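Single-structure report; data block below.
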Amino acid sequence: MKDEVQTPAERTANLKGMGTSRKRVEDVRFTQGRGNYVDDIKMDGMLYGDFVRSPYAHARVVSVNKEAALAIPGVVAVLTAEDLEPLGLHWMPTLAGDKQMVLADGKVLFQGQEVAYVVADDRYVAADAAELVEVEYEELPVVVDPFEALKTDVVLREDLAGQTEGAHGPRKHHNHIFTWEAGEKDATEAVIAGADVVAEEMVYYHRTHPCPLETCGCVASMDKVTGKLTLYGTFQAPHAIRTVVSLISGIAEHNIRVISPDIGGGFGNKVGAYPGYVCSVVASIVTGKPVKWIEDRMENLMSTAFARDYWMQGKIAATSEGKITGLWCHTTADHGGFDACADPTKFPAGFMNICTGSYDIPTAYLAVDGVYTNKAPGGVAYRCSFRVTEAAYFIERMIEVLAIKLNMDAAELRRINFIRKDQFPYQSALGWEYDSGDYHTAWDKAMNAVGYDDLRAEQAQQLEDFNAGKTRKLMGIGLTHFTEIVGAGPVKNCDILGLGMFDSCEIRIHPTGSALARLGTISQGQGHATTFAQIIASEIGIPADDITLEEGDTDTAPYGLGTYGSRSTPVAGAATAMAGRKIRAKAQMIAAYLLEVHDDDVEFDIDRFVVKGAPERFKTMKEIAFAAYNQAIPGIEPGLEAVSYYDPPNMTYPFGAYVCVLDIDVDTGEAEVRQFYALDDCGTRINPMIIEGQVHGGLTEALAIAMGQEIAYDEMGNVKTGTLMDFFWPTAWETPNYQTDHTTTPSPHHPIGAKGVGESPNVGGVPCFSNAVHDAFKSFGLTQTHMPHDHWRIWKTANGLGLHG
Amino acid sequence: MSKMHVKMTVNGKEVEALAEPRTLLIHFLREDLKITGPHIGCETSHCGACTVDIDGKSVKSCTVFVAQANGADVTTVEGLVNEDGTLGVIQEMFREHHGLQCGFCTPGMITRAHRLLQENPTPSEEEVRFGMAGNLCRCTGYQNIVKSILAAADHLNAQKEAAE
Ligand code: FES
Ligand code: FES
């Protein structure tokens with residue numbers, strides 16, 4: 001046999017298992033235009049849906065006249081809330097325990113809200129007809145400021161009038177949603193009152209949007225003969241969507257098949273349930289035909305899934321030597337017209353209580369007030385675990401502000417406050433158990449790699465030149481050390497709409513030794529088909545190239561909660577390893593039988609089981625697979641397959657150390673990134689090539705957010721950034737090259753020690769870019785200014801500091 | 001709306017169809033011809049997901065009426081595979097250097113890169129970044145896209161040299 005002459009190293013390489021930069025199997029299709037995205041789906045007799053949307057941010061809907069629209073040939077129906085009401089579908093539950101209008105029920109609460117749904121036999125006809133639906137509005141006072149919202153008499157949610165109790169406890173005002181607290185208020189306030197030094201600042205993380213290149217969409221197809229509904233769509237959580245559709249439509253869950261085809265990027269945008277899905281399902285049920293709905297870019301930016309919009313008032317206390325003694329934070333969270341945040345039920349402010357970051361802070365307190373305003377609903381975890389980006393931005397700004405107050409180097413301040421390696425597992429003041437970390441090693445590696453002291457010397461020289469009138473450029477050095485919390489469950493404290501956040505994998509080994517694996521997650525570009533096969537290859541000893549991986553079809557894949565919050569590798573990756581181990585355990589018994597020794601006398605060796613102490617006696621996994629199906633083995637069932645549902649015992653805590661160096665032209669406000677160094681520690685690394693790609697992408701989204709990307713409203717509630725003309729999305733020209741690096745601190749509780757990485761660069765990148773901008777102006781007295789740092793705002797900062805002469 | 005008779009060459013094949021003159025080329029390709037490689041990311045000429053090659057120029061097909069493309073020679077990403085069905089050099093280099101993630105921008109990127117390398121067979125990194133600035137990617141941060149295109153340029157030049 002050929003493989004008998006292979007060395008162990010060759011056999012390992014042949015598997016393309018964990019740790020190899022295996023090329024992606026997806027790419028053969030994608031590079032030649034053979035992907036299958038939702039808008040590529042065509043079905044016989046398919047109809048198209050399109051929305052009539054509100055031009056006003058707050059108005060009563062007086063009347064809707066469908067006549068002119070219905071008169072166009074090809075228009076099949078125009079649905080309004082009145083049509084949905086008999087079905088009980090004019091409102092739908094949100095992921096956050098609130099409810100949301102599917103179609104405007106008497107009033108609208110944000111610009112772009114869905115008012116009517118037109119169905120036609122052609123997408124152009126649907127768009128034409130949507131223009132002809134006449135809606136009469138009566139404008140109401142608009143509230144866009146969350147602080148104002150808590151004072152005004154204007155009632156946004158009349159449907160909740162008189163309700164003093166919401167899904168997350170008492171409501172203090174008619175526009176108030178919840179108050180959520182963590183930590184110890186009195187103790188923290190006492191520490192702050194008695195501290196040597198206290199720095200206080202309002203840190204605003206502006207409203208932005210995940211804006212994947214592919215917008216949201218679906219095709220609903222009700223087969224009236226079989227009674228079966230098939231729903232294709234851009235769903236990051238197809239199984240959860242199936243359950244939710246069943247619960248709200250009353251269709252039995254076995255009669256619903258949800259399929260997520262290829263997805264053109266998600267970043268949190270595609271977690272939620274949107275009115276487009278509900279209307280398409282209803283339209284398909286009513287017409288008996290497939291109905292497609294695809295958002296356009298403006299609709300995407302205006303209506304589905306904003307992110308952030310947190311006003312974080314902070315106080316940080318320290319000794320005069322810089323040892324942090326306490327952290328206090330009060331956040332005002334602007335949730336828009338409906339509370340549709342995608343957070344686990346018990347965490348209405350997500351994991352904002354990771355805001356003590358990488359630091360050993362003995363006492364802390366956090367309170368978050370959720371508020372209704374006349375803006376779009378959402379509050380999704382945009383390329384981060386629930387609200388972790390907000391938390392990381394907050395603490396990394398507070399550290400910088402404290403360093404200024406202490407007149408201390410910010411790198412050193414971080415170093416003396418990091419949680420030490422010997423403190424893990426570490427219990428944080430706000431309630432988390434950090435599983436593992438080695439922050440000092442990562443930090444020192446980063447500082448050495450960039451030559452931190454030299455950079456500071458160069459910066460001082462440049463400042464001198466600036467003051468001497470020799471240059472108009474200032475140099476900024478941004479630092480960040482972030483700690484994430486990803487991989488939700490555990491089920492005991494993490495569910496969404498009551499659905500426990502475990503995940504799953506099913507593996508079938510075929511008789512000839514190749515395999516099929518199916519997971520409860522769904523890739524949106526992360527390369528699951530490539531990386532999960534690598535886990536299986538290492539666990540079972542079957543080459544990754546011989547393993548097909550499938551996700552996204554609820555009729556075939558095991559139930560799981562999907563892909564967001566960097567949970568695929570921590571949760572489904574663990575399920576994959578565990579399913580692999582079940583198979584390996586059975587394979588061990590089969591091997592022992594075939595080798596005529598006791599189970600305990602064989603051991604796994606790369607791609608085979610060998611007799612302990614006699615490596616020339618072995619059975620390869622291929623041989624074992626064949627025997628599993630074709631040989632009668634006493635006491636062992638035929639077949640070789642396993643399924644694992646994994647409920648993680650804890651979350652994972654990836655971390656990283658980032659440095660950004662940029663030059664600011666004070667006269668134009670332009671900032672040019674000269675260097676960006678990113679060290680990530682995501683535990684065990686499954687595919688370094690893919691990790692690096694994730695880091696590049698996440699950093700670029702961080703660059704976008706920090707430097708210009710926002711969803712901005714005027715005082716009338718008009719969206720000012722509804723197209724890609726106004727919504728900053730960096731091109732190849734504006735994007736720098738990144739230097740990537742890593743340390744490896746495996747998660748102690750994860751079967752393969754992996755922690756997840758896709759979101760780290762976005763979590764750590766935003767504060768790093770922003771800190772660099774702040775740092776450039778530090779010597780002129782700037783402590784805090786709000787993102788995004790576009791040219792205009794940077795120019796204004798320079799101007800405000802008197803740098804324009 | 002009345003339909004017009006359109007005729008064009010797409011990926012080397014003559015096609016004829018009836019279409020409303022206002023039909024956008026991207027919809028004609030995707031809906032009528034079922035050529036779904038080119039994608040729609042904005043419909044406002046910003047993202048480049050819909051990029052095709054028309055008569056030797058990169059064009060965003062979401063902002064061209066089918067009437068304007070009447071008689072044109074159109075190439076999409078599907079037309080860039082080798083005759084034997086294997087991946088073309090640029091496609092192969094995107095795969096080799098991890099120049100894509102979700103794949104949604106990829107057809108537009110590759111079609112644009114194809115034209116860029118015709119216009120400038122030996123681009124610098126800066127020229128690639130500038131030449132690709134009409135195509136947005138949300139996933140990759142461009143670093144590996146640039147790497148893929150530079151590698152493709154090297155391969156194509158080596159092929160050319162070997163042929164000479
Ligand atoms: S869809 Fe044509 S440029 Fe975006
Ligand atoms: S690979 Fe996803 S947009 Fe480029």
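Residue numbers start from 1 in every chain, and the chains themselves are labelled A, B, ... in the order their sequence lines are given, proteins ahead of strands. Worth saying up front: this structure is predicted, and the values here are computed from it rather than measured.
Interface residue A/Glu214: backbone and side-chain heavy atoms are both found under 4.5 Å from chain B. For B/Glu78, the parts lying under 4.5 angstrom from a heavy atom of chain A are both the backbone and the side chain. Contacts between B/Thr23 and chain A at a heavy-atom distance below 4.5 Å involve backbone atoms as well as side-chain atoms. For B/Ile110, the part lying under 4.5 angstrom from a heavy atom of chain A is the side chain only. At a 4.5 Å heavy-atom cutoff, the contact between B/Thr106 and chain A is made by side-chain atoms alone. Proximity to chain A (any heavy atom under 4.5 Å) is shown, for B/Ile35, by neither the backbone nor the side chain. Residue contact with chain A, scored on non-hydrogen atoms closer than 4.5 Å, involves the backbone and the side chain of B/Leu24 alike. For chain A, the nearby parts of B/Phe104 are the backbone and the side chain; heavy atoms of each come within less than 4.5 Å.
Judged as a salt bridge (Lys or Arg N to Asp or Glu O under 4.0 Å), and not counting sequence neighbours, the contacts of B/Arg30 are A/Asp39, A/Asp40. Scanning for ring-ring contact (aromatic ring centres under 6.0 Å, His included) contacts around A/Tyr658 gives A/Phe482, A/Phe676, with sequence neighbours left out.
Donor-acceptor pairing under 3.5 Å is lacking for the side chains of A/Glu551 and A/Ser523. A donor atom on one side chain and an acceptor atom on the other are not found under 3.5 Å apart for A/Thr215 and A/Asp296. A/Gln694 and A/Asp680 share no side-chain donor-acceptor pair at under 3.5 Å.
Residues of residues 86-96 of chain B lying within less than 4.5 angstrom of chain A, judged on heavy atoms, are B/Leu87, B/Gln91, B/Phe94, B/Arg95, B/Glu96 in numerical order. Heavy-atom neighbours of chain A within the stretch residues 156-164 of chain B, taken at a separation under 4.5 angstrom, are nonexistent.
The heavy-atom pair separating B/Cys47 from A/Leu724 by the smallest distance is CB-CD1, 4.1 Å.
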